[in-house]
Enquirer: 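After the structure tokens below, expect a handful of questions from me.
Just so we're clear, the structure is a prediction, and the values are computed from it rather than from any experiment. Worth knowing before you read on, the calculation uses all heavy atoms, side chains too, and leaves out hydrogens, waters and symmetry mates.
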Amino acid sequence: MVGPARPLFVLFGSSIVQLSFGNGGWGSIIADLYSRRADILLRGYSGWNSRQALQVLHHVFPKDSAIQPSLVIVYFGGNDAVLPFPSSQKTLVPLPEYVENMKKIAIHLKSLWEKTRVIFLTAPPVSYALIKEKLSEEHAKCRTLESCRKYAEACKELCKKIDVKCIDVWSAIQKRDDWLTSCFTDGIHFTAEGSQIVAEEICKVLEEADWEPSLHWKELPIEFGSPTKPSSPVRQCCVNGNGSPTSHLQT
């Protein structure tokens, strides 16, 4: 363990999480914003769904750990919603099972420590044309907007019932007029522009949440120094002069 101890943020999910530190990813934006304030730990597993996540949950987040996370951001849903590939053994995780899996994940995470906070990200939309172009027509037929919408809506409804903060990635991405061509590298995974939207939504939740202590970057002490205004280009992408999220990518 390297000291001094800082708040620990864990990003837990499938490839949307695993790839979030590359290509101007939303994880790297958050890590840069919280440098010298919190440690960001990546636990992303490409191709996984909520069923697989539940199987390793106690290994990734052991209850007897001496250090527990202050925040866990969870993303599963896109792979749960994938229709079966004709050439694959992969099967869709039925919607009721997905909801139950996510509920169990939330309950476990909230039990780690009284100050562990949880944010769920919903499934994003997908771009059929890009998936077909970059991957295959088979992939495109198995990842549909309607299926992703159902899983995103189910995640939102669950979060309301169990008092977990939810970021509606499905809706946030589609607020951008050119989202079909600008927000995805392959129709599934985010470009820098898509990640910027996700990072801004995360910043907004962290700023507005009435958590004690606050986990907003401006409220956390900077290690071995006095708080300063963000100066790097990545930080400026996520906050304006008042410390609140911007609404567009700045350069």
Enquirer: Shortest non-hydrogen contact from Cys166 to Thr122?
Expert: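 Heavy-atom minimum between the residues: SG-CG2, 3.5 Å.
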Enquirer: Would you say NZ of Lys132 has more than 12 non-hydrogen atoms from neighbouring residues, nucleotides or ligands within 6.0 angstrom?
Expert: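 Result for NZ/Lys132: open.
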Enquirer: Find the distance between CZ (Phe120) and CD1 (Ile167) and round it off to the nearest 0.5 Å.
Expert: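 If I round to the nearest 0.5 Å, the distance is 12.0 Å.
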Enquirer: According to the side-chain hydrogen bond (donor to acceptor under 3.5 Å, both in side chains) rule, which pairs have a member within residues 14-26, sequence neighbours left out?
Expert: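 Listed once each, the pairs are Ser15-His189.
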Enquirer: Can a donor-acceptor pair be found, under 3.5 Å and without considering hydrogens, that links the side chain of Glu207 to the backbone of Ile202?
Expert: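 Side chain of Glu207 to backbone of Ile202, a donor-acceptor pair under 3.5 Å: no, none is there.
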Enquirer: Phe76 and ring pair (Phe, Tyr, Trp, His ring centres under 6.0 Å): which single residue from Tyr98, Trp48, Phe12, Tyr151 fits?
Expert: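 Testing each of Tyr98, Trp48, Phe12, Tyr151 against Phe76, the sole residue satisfying ring pair (Phe, Tyr, Trp, His ring centres under 6.0 Å) is Phe12.
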Enquirer: Using 0.5 Å steps for rounding, measure from the CG atom of Leu206 to the CG atom of Leu215.
Expert: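 Spacing of CG (Leu206) from CG (Leu215) equals 6.5 Å.
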Enquirer: Quick one, Arg117 and Lys165 - any side-chain contact, counting heavy atoms below 4.5 Å?
Expert: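 Counting from C-beta outward, Arg117 and Lys165 never come under 4.5 Å.
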Enquirer: Using the rule given for side-chain contact (heavy atoms from CB on, under 4.5 Å), can you reason through Ile29 versus Gln196, listing the C-alpha separation, both sets of side-chain angles and the distance that settles it, and then say yes or no?
Expert: CA-CA 8 Å; Ile29 294 173; Gln196 181 59 42; 3.4 Å; yes
Enquirer: Transitively linked via ILVMFWY side-chain contacts under 4.5 Å: Leu42 with Leu19?
Expert: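 No, because Leu42 and Leu19 fall into different hydrophobic clusters, even though each may have its own neighbours under 4.5 Å.
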Enquirer: If you take all heavy atoms of Cys142 and Pro84, which pair is closest and at what distance?
Expert: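 So the minimum-distance heavy-atom pair works out to SG-O, 3.5 Å.
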Enquirer: Establish whether Ile107 and Val164 are linked, either directly or via other cluster members, by ILVMFWY side-chain heavy-atom contacts under 4.5 Å.
Expert: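 In one cluster with Ile107: Val164, no.
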Enquirer: Under 4.0 Å between a Lys/Arg side-chain N and an Asp/Glu carboxylate O for Glu157 and Lys160?
Expert: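 Salt bridge: yes.
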Enquirer: Kindly indicate whether the side chain of Ser50, heavy atoms from C-beta on, has any atom under 4.5 Å from the side chain of Lys103.
Expert: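 Contact flag for Ser50/Lys103 side chains = no.
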Enquirer: Is it the case that the side chain of Arg36 and the backbone of Glu223 share a donor-acceptor pair, with hydrogens and angles ignored and the cut-off at 3.5 Å?
Expert: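 Checking the backbone N and O of Glu223 against the side chain of Arg36, a donor-acceptor pair under 3.5 Å is found.
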Enquirer: With a 4.5 Å heavy-atom cut-off, do Lys110 and Asp163 have their side chains touching?
Expert: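 Yes, close enough: below the 4.5 Å cut-off.
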Enquirer: Just by modelled atom types, is the Ile197 backbone N or O under 3.5 Å from a matching donor or acceptor in the Glu200 side chain?
Expert: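 Here the side-chain-to-backbone pair does not exist.
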Enquirer: Please determine if Glu153 and Arg149 form a salt bridge, counting it only when a charged side-chain N lies under 4.0 Å from a carboxylate O.
Expert: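 The answer is no: the pair does not qualify as a salt bridge.
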Enquirer: Would you say Ser127's side chain and Leu180's backbone share a donor-acceptor pair under 3.5 angstrom?
Expert: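 Between the backbone of Leu180 and the side chain of Ser127 there is a qualifying donor-acceptor contact (under 3.5 Å).
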Enquirer: Would you check if the side chain of Arg37 reaches a backbone N or O of Trp217 as a donor-acceptor pair within less than 3.5 Å?
Expert: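 Yes; judged by distance alone, with no hydrogens or angles, the pair exists.
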Enquirer: Can you find a heavy atom in the side chain of Leu109 that is under 4.5 Å from one in the side chain of Gln68?
Expert: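 Side-chain contact under 4.5 Å: no.
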Enquirer: Distance check, rounded to the nearest 0.5 Å: Asn49 atom CG versus Asp80 atom CG?
Expert: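 Between atom CG of Asn49 and atom CG of Asp80 there are 4.5 Å.
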Enquirer: If you take all heavy atoms of Gly25 and Ser195, which pair is closest and at what distance?
Expert: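 It is CA-OG, 3.3 Å.
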Enquirer: Ignoring hydrogens, what is the shortest heavy-atom contact between Leu121 and Tyr75? Give both atom names and the distance.
Expert: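 Reported closest heavy-atom pair: O-CD1, 3.5 Å.
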Enquirer: Can you measure from CZ (Phe184) to CD1 (Ile131) and round to the nearest 0.5 angstrom?
Expert: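 It comes to 8.0 Å.
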Enquirer: Under 4.5 Å between any side-chain heavy atoms of Leu8 and Val10, yes or no?
Expert: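 Leu8 vs Val10: side chains touch.
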Enquirer: I'd like to know if the side chain of Ser147 reaches the main chain of Thr144, judged simply by a donor and an acceptor atom lying under 3.5 Å from each other, with no hydrogens or angles considered.
Expert: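 Absent.
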Enquirer: Looking at side-chain heavy atoms only, is the closest gap between Ser65 and Trp113 below 4.5 Å?
Expert: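 Counting from C-beta outward, Ser65 and Trp113 never come under 4.5 Å.
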Enquirer: Check the pair Arg143 / Asn79 against side-chain contact (heavy atoms from CB on, under 4.5 Å), numbers first and verdict last.
Expert: CA-CA 9 Å; Arg143 289 184 180 269; Asn79 292 327; 2.8 Å; yes
Enquirer: Test your reading of the model: is there a side-chain donor-acceptor pair from Thr181 to the backbone of Asp178, 3.5 Å cut-off?
Expert: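 Yes.
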Enquirer: Can you tell me how far apart OG (Ser70) and CG (Leu112) are? Round to the nearest 0.5 Å.
Expert: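 One finds 11.0 Å between OG of Ser70 and CG of Leu112.
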Enquirer: I need the minimum non-hydrogen distance between Ile30 and Cys203, along with the two atoms involved.
Expert: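 Nearest pair, atom of Ile30 first, then Cys203: CD1-SG, 4.3 Å.
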Enquirer: Are Tyr128 and Trp179 connected, step by step, through hydrophobic side chains (Ile, Leu, Val, Met, Phe, Trp, Tyr) whose heavy atoms are closer than 4.5 Å?
Expert: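 Shared cluster, no.
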Enquirer: Evaluate the criterion side-chain hydrogen bond (donor to acceptor under 3.5 Å, both in side chains) for residue pair Glu193 and Thr191; output intermediate values, then yes/no.
Expert: CA-CA 5 Å; Glu193 288 82 359; Thr191 59; 3.2 Å; yes
Enquirer: Nearest 0.5 angstrom please: Cys183 SG to Arg176 CZ, how far?
Expert: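 It is 5.5 Å, given to the nearest 0.5 Å.
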Enquirer: side-chain contact (heavy atoms from CB on, under 4.5 Å), that's the test. Do Thr116 and Phe61 meet it? Break it down for me.
Expert: CA-CA 11 Å; Thr116 295; Phe61 299 97; over 6 Å; no
Enquirer: Testing the basics here: between Gln52 and Gly47, what is the closest heavy-atom pair and its distance to 0.1 Å?
Expert: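 Closest pair (atom of Gln52, atom of Gly47, distance): OE1-O, 3.8 Å.
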Enquirer: State yes or no: do Val74 and Leu41 share one hydrophobic cluster built from I, L, V, M, F, W and Y residues joined by side-chain heavy-atom distances below 4.5 Å, directly or via other members?
Expert: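 Linked, Val74 and Leu41 end up in one cluster.
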Enquirer: Hey, does Glu201 have a side-chain heavy atom less than 4.5 Å from the side chain of Val169?
Expert: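 They are not in contact (no side-chain heavy atoms under 4.5 Å apart), so the answer is no.
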Enquirer: Below 4.5 Å, heavy atoms only, C-beta onward: do Lys63 and His108 meet side chain to side chain?
Expert: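 Result yes, sub-4.5 Å side-chain heavy-atom pair found.
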Enquirer: Please assess Phe190 against Ile16 for the test side-chain contact (heavy atoms from CB on, under 4.5 Å), listing each intermediate value before the final yes or no.
Expert: CA-CA 8 Å; Phe190 298 130; Ile16 294 292; 3.7 Å; yes
Enquirer: Is there a donor-acceptor pair closer than 3.5 Å between any side-chain N or O of Asn101 and the backbone N or O of Lys104?
Expert: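 It does not hold such a pair.
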Enquirer: Just by modelled atom types, is the Lys134 backbone N or O under 3.5 Å from a matching donor or acceptor in the Asp186 side chain?
Expert: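 Flag not set: sc Asp186 to bb Lys134 has no pair under 3.5 Å.
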